[in-house]
Amino acid sequence: GASEAVVNGESALMVVESGNLADDLAAAILRILRDEAWRKRAAVRGPAFVKDRFSLEKMLDNTLFFYGLPPFVR
């Protein structure tokens, strides 16, 4: 579920590189703490991505599409 709710590298870090979860988690935390520019970009991109992917309008359009109906007229 988490991989559908974020964009890896843009609004979250979901990387396991070495196979050692503790080391990878520590590296990701340190990267986030040290990179203020990345944190600021993620703070903007994350909510925008969620709004685009999971908005009420998007859910309505997807449901209508599933039933073969035209998109909701706004």
Side-chain angles (χ1 to χ4, degrees):
S3 64
E4 296 173 357
V6 299
V7 178
N8 186 31
E10 290 188 23
S11 61
L13 294 179
M14 298 179 55
V15 179
V16 177
E17 294 179 359
S18 71
N20 183 321
L21 183 58
D23 287 346
D24 292 339
L25 181 58
I29 291 169
L30 289 173
R31 176 179 170 198
I32 291 169
L33 290 173
R34 292 175 177 157
D35 191 343
E36 182 178 358
W38 186 90
R39 289 194 314 271
K40 288 181 179 182
R41 285 191 308 274
V44 172
R45 290 177 180 167
F49 175 79
V50 169
K51 183 179 178 185
D52 178 60
R53 173 90 41 111
F54 302 106
S55 68
L56 177 59
E57 292 83 7
K58 186 72 163 189
M59 291 186 338
L60 286 172
D61 286 345
N62 288 341
T63 301
L64 292 170
F65 176 79
F66 177 80
Y67 288 106
L69 300 170
F72 181 72
V73 178
R74 291 169 184 83

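Numbering of residues begins at 1 and proceeds along the displayed sequence. In this text, all values refer to a predicted model and were calculated from it rather than measured experimentally.
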Checklist entry - When Ile, Leu, Val, Met, Phe, Trp and Tyr are grouped by side-chain heavy atoms lying under 4.5 Å apart, directly or through other members, which residues fall in the same group as Leu33? => result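 Its cluster partners, ordered by chain and number, are Leu25, Ile29.
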Item to check | Hydrophobic cluster (4.5 angstrom, side-chain heavy atoms) - remaining members for Ile32 | outcome: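 Its cluster mates, by chain and number, are Leu13, Trp38.
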Checklist entry - For residues 38-55, which residue pairs qualify under salt bridge (Lys or Arg N to Asp or Glu O under 4.0 Å), counting only residues two or more places apart or in two chains? => result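 For residues 38-55: Glu36-Lys40.
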Next on the checklist: Tell me every residue that passes side chain to side chain donor-acceptor pair (under 3.5 Å) with Asp35, counting only those two or more places apart in sequence or in another chain.
Outcome noted: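 Asp35 satisfies side chain to side chain donor-acceptor pair (under 3.5 Å) with no residue once adjacent residues are dropped.
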Side-chain donor/acceptor pairs under 3.5 Å, residues 59-68, sequence neighbours excluded:
residue: Asp61; atom: OD1; partner: Phe72; partner atom: N; Å: 3.1
residue: Asp61; atom: OD2; partner: Arg74; partner atom: NH2; Å: 2.8
residue: Asn62; atom: ND2; partner: Lys58; partner atom: O; Å: 3.4
residue: Thr63; atom: OG1; partner: Met59; partner atom: O; Å: 2.9

Next on the checklist: On a heavy-atom basis, which atom in Ala42 and which in Ser11 lie closest, and how many Å separate them?
Outcome noted: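 Of all heavy-atom pairs spanning Ala42 and Ser11, the closest is CB-CA, 3.9 Å.
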Checklist entry - What are the two closest non-hydrogen atoms of Phe49 and Val6, and how far apart are they? => result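 Shortest heavy-atom separation between Phe49 and Val6 comes out as CE2-N, 3.7 Å.
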Item to check | side chain to side chain contact (heavy atoms under 4.5 Å, CB included) partners of Val50, counting only residues at least two apart | outcome: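 Once residues adjacent in sequence are excluded, the partners of Val50 under the side chain to side chain contact (heavy atoms under 4.5 Å, CB included) criterion are Phe54.
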